[in-house]
Protein chains: 2
Amino acid sequence: MRDDTERTPGPGRARRADAERTVRAILAAAERVLSQEPGATMERIAAEAGVARTTVHRRFATREDLVSSLTVLAAQQLEAAVLAGRPESAPPLVALHEVTANVLRIKRTWSFAMGVHSEHPEVMRVHTDTRARCVALFRRARDAGAVRSDVDPDWASRVYYGLIQAAAEDLAEEPTPAELDAAAARVVDTLFTGVGAGGGTPHRSG
Amino acid sequence: MRDDTERTPGPGRARRADAERTVRAILAAAERVLSQEPGATMERIAAEAGVARTTVHRRFATREDLVSSLTVLAAQQLEAAVLAGRPESAPPLVALHEVTANVLRIKRTWSFAMGVHSEHPEVMRVHTDTRARCVALFRRARDAGAVRSDVDPDWASRVYYGLIQAAAEDLAEEPTPAELDAAAARVVDTLFTGVGAGGGTPHRSG
DNA sequence: GTTAGTTGCTACACGAATGTAGCAACTTCG
DNA sequence: CGAAGTTGCTACATTCGTGTAGCAACTAAC
């Protein structure tokens with residue numbers, strides 16, 4: 001456990017409701033360790049979580065269980081981040097900015113879990129739903145005249161994913177809200193206007 | 001070996017110059033297998049290559065050796081693909097299109113190897129050089145007036161990488177030259193003009 | 001035909017990681 | 001205080017992957 005304010009009193013120490021706390025600690029530790037070393041052992045993860053390896057096995061019978069739970073948790077976080085941006089009700093560009101900032105934070109926090117191609121039904125559902133919400137958002141943006149009519153919303157979504165990936169790479173480990181906003185703004189700006197100077201289509205009125 | 005025109009006559013068959021052929025077959029098989037299952041065993045790779053596991057170990061002492069060789073091979077292919085686009089002499093937009101098409105093909109063929117964060121000096125050199133070439137290309141494009149002057153070439157490179165990633169995802173396994181050209185054109189177009197409707201940036205009106 | 005080079009196959013050694021079991025210690029709750 | 005719940009620790013079994021060695025068979029070159 002990184003948080004040293006949580007002291008471990010010695011062998012056999014336990015408070016009645018520690019189970020859930022331990023589970024969360026293990027999941028967080030697994031994310032930290034696996035994001036840097038995807039093949040890390042249970043031993044390594046347990047050490048990072050500050051618990052014994054046997055305790056990890058008590059909560060997650062197999063390694064597969066652990067990774068699976070991790071992907072589910074990340075997926076839920078992702079869904080919450082997306083929904084918090086009100087992609088279906090807020091003005092498209094506002095929603096896009098909010099969603100982007102939220103997702104960048106989550107993606108930074110759960111980079112390993114979000115990169116695993118999980119077969120878990122809950123994870124697949126979230127990915128499908130999120131994808132659909134993303135496409136719908138771009139459709140709304142197009143209907144509102146903000147997106148070129150000849151752009152396929154599906155392609156726009158792919159590009160959007162790619163830009164988020166690019167932006168997530170040069171984010172700090174624990175980005176401030178301001179940094180997240182700046183990154184999100186850059187993503188949205190690039191997504192909409194590109195990097196070109198205009199040529200045939202002048203974008204920036206200036 | 002997938003190519004069944006290469007018949008395996010039975011135990012102990014060998015032609016004098018089979019060594020290099022075997023090496024290439026193993027590397028290609030490793031790419032195919034590992035791209036779908038990064039943790040696949042040597043046994044699995046050997047089977048895909050159509051050779052015995054011991055033969056793999058004869059050519060690559062350790063698993064690390066194999067993966068390392070694979071990343072080097074992919075890096076060399078990547079460098080060749082980039083250079084073939086004449087990024088330093090051709091007109092920036094022409095070069096960008098050519099490089100994109102070439103890289104998309106390579107990235108499709110060596111997706112696993114290109115995703116490994118190798119510490120091999122040759123791989124690191126290629127990545128550094130390629131990165132520099134990419135940034136230089138965008139600088140040239142900016143000087144030529146094709147890229148907005150307020151866009152950081154480094155950010156442009158990141159975006160470019162992200163777009164290539166996005167485009168590579170919905171490419172066929174063995175894309176035709178026409179498909180590659182279309183994908184490259186879409187990447188370059190999106191990179192330069194974005195997906196936004198022309199005539200102003202709605203979210204940043206001034 | 002002889003020789004050199006390559007491969008398949010079997011067998012083995014070794015280590016690492018996984019998963020399980022039992023027990024003692026400790027904390028919280030009633 | 002007693003009961004329940006949780007954990008650390010040790011020990012163990014088992015499996016899996018890796019890497020090595022030796023031998024027979026086969027092919028191409030000489």
Side-chain angles (χ1 to χ4, degrees), chain A residues 1-30 32-34 36-70 112 116, chain B residues 1-30 32-34 36-70 112 116:
Chain A
M1 234 182 277
R2 270 184 176 169
D3 187 352
D4 288 337
T5 60
E6 298 285 337
R7 197 66 46 82
T8 51
R13 59 294 172 61
R15 279 158 298 181
R16 204 99 187 197
D18 261 10
E20 281 195 19
R21 183 170 315 191
T22 301
V23 166
R24 279 194 295 267
I26 293 171
L27 287 171
R32 286 197 299 274
V33 171
L34 295 177
Q36 298 225 342
E37 190 184 339
T41 67
M42 300 289 268
E43 179 73 47
R44 178 73 191 80
I45 294 170
E48 175 74 14
V51 301
R53 185 173 63 88
T54 49
T55 298
V56 176
H57 277 108
R58 281 196 187 94
R59 300 301 162 189
F60 305 95
T62 69
R63 180 199 184 80
E64 191 183 343
D65 277 359
L66 173 57
V67 174
S68 180
S69 297
L70 193 56
F112 168 78
V116 176
Chain B
M1 237 182 274
R2 270 184 176 170
D3 187 352
D4 288 337
T5 60
E6 298 284 340
R7 197 65 47 83
T8 51
R13 60 295 173 63
R15 279 157 300 181
R16 203 98 186 202
D18 261 11
E20 281 195 19
R21 183 171 315 192
T22 301
V23 166
R24 280 195 295 266
I26 292 172
L27 287 171
R32 287 197 299 273
V33 171
L34 295 177
Q36 298 224 342
E37 190 185 340
T41 66
M42 300 287 270
E43 179 72 46
R44 177 73 190 82
I45 294 170
E48 174 75 15
V51 300
R53 184 173 63 89
T54 48
T55 299
V56 177
H57 276 107
R58 282 195 186 96
R59 299 301 162 189
F60 306 95
T62 70
R63 181 198 184 81
E64 192 183 343
D65 276 359
L66 173 58
V67 174
S68 181
S69 297
L70 194 56
F112 167 79
V116 175

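Predicted, not measured: the structure shown is a model, and the values here were computed from it. In what follows, every chain begins at residue 1, and chains take the letters A, B, ... in the order their sequences are listed.
To the nearest 0.5 Å, atom OG1 of residue A:Thr22 and atom CG of residue A:Leu27 are 11.0 Å apart. Atom CD of B:Glu64 is separated from atom OG of B:Ser69 by 10.5 Å, given to the nearest 0.5 angstrom.
With a 4.5 Å cut-off on side-chain heavy atoms, B:Ile45 and B:Leu66 count as touching.
Residue-level contact check: B:Arg44 touches neither bases nor backbone, having no heavy atom under 4.0 Å from any strand.
Going from atom CZ of B:Arg21 over to atom P of D:dT27 covers 15 Å, rounded to whole Å. The distance from atom CD of A:Glu20 to atom C1' of D:dG5 is 14 Å, rounded to the nearest whole Å. Atoms CZ (A:Arg58) and P (C:dC23) sit 14 Å apart, rounded to a whole Å.
Under a cut-off of 6.0 angstrom, the local environment of CD in B:Gln36 is sparse, with at most 12 non-hydrogen atoms contributed by other residues, nucleotides or ligands.
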Between the protein and nucleotides 14-20 of chain C, which nitrogen or oxygen pairs are less than 3.5 angstrom apart?
{"from": "C:dT18", "atom 1": "OP1", "to": "A:Arg63", "atom 2": "NH1", "distance (Å)": "2.8"}
{"from": "C:dT18", "atom 1": "OP2", "to": "A:Met42", "atom 2": "N", "distance (Å)": "3.1"}
{"from": "C:dG19", "atom 1": "OP2", "to": "A:Arg63", "atom 2": "N", "distance (Å)": "3.0"}
{"from": "C:dG19", "atom 1": "N7", "to": "A:Arg53", "atom 2": "NH1", "distance (Å)": "2.9"}
{"from": "C:dG19", "atom 1": "O6", "to": "A:Arg53", "atom 2": "NH2", "distance (Å)": "3.0"}

Under 3.5 Å, which donor-acceptor pairs do the side chains of residues 51-61 of chain B form with other protein atoms, sequence neighbours left out?
{"from": "B:Thr55", "atom 1": "OG1", "to": "B:Arg58", "atom 2": "NH1", "distance (Å)": "3.4"}
{"from": "B:His57", "atom 1": "ND1", "to": "B:Arg53", "atom 2": "O", "distance (Å)": "3.4"}

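Under 4.0 angstrom from either OP1 or OP2 of C:dG8 there lies at least one side-chain N or O belonging to B:Thr55.
Every residue meeting the side-chain contact (heavy atoms from CB on, under 4.5 Å) condition with A:Ala28, not counting sequence neighbours, appears here in chain and number order: A:Arg32.
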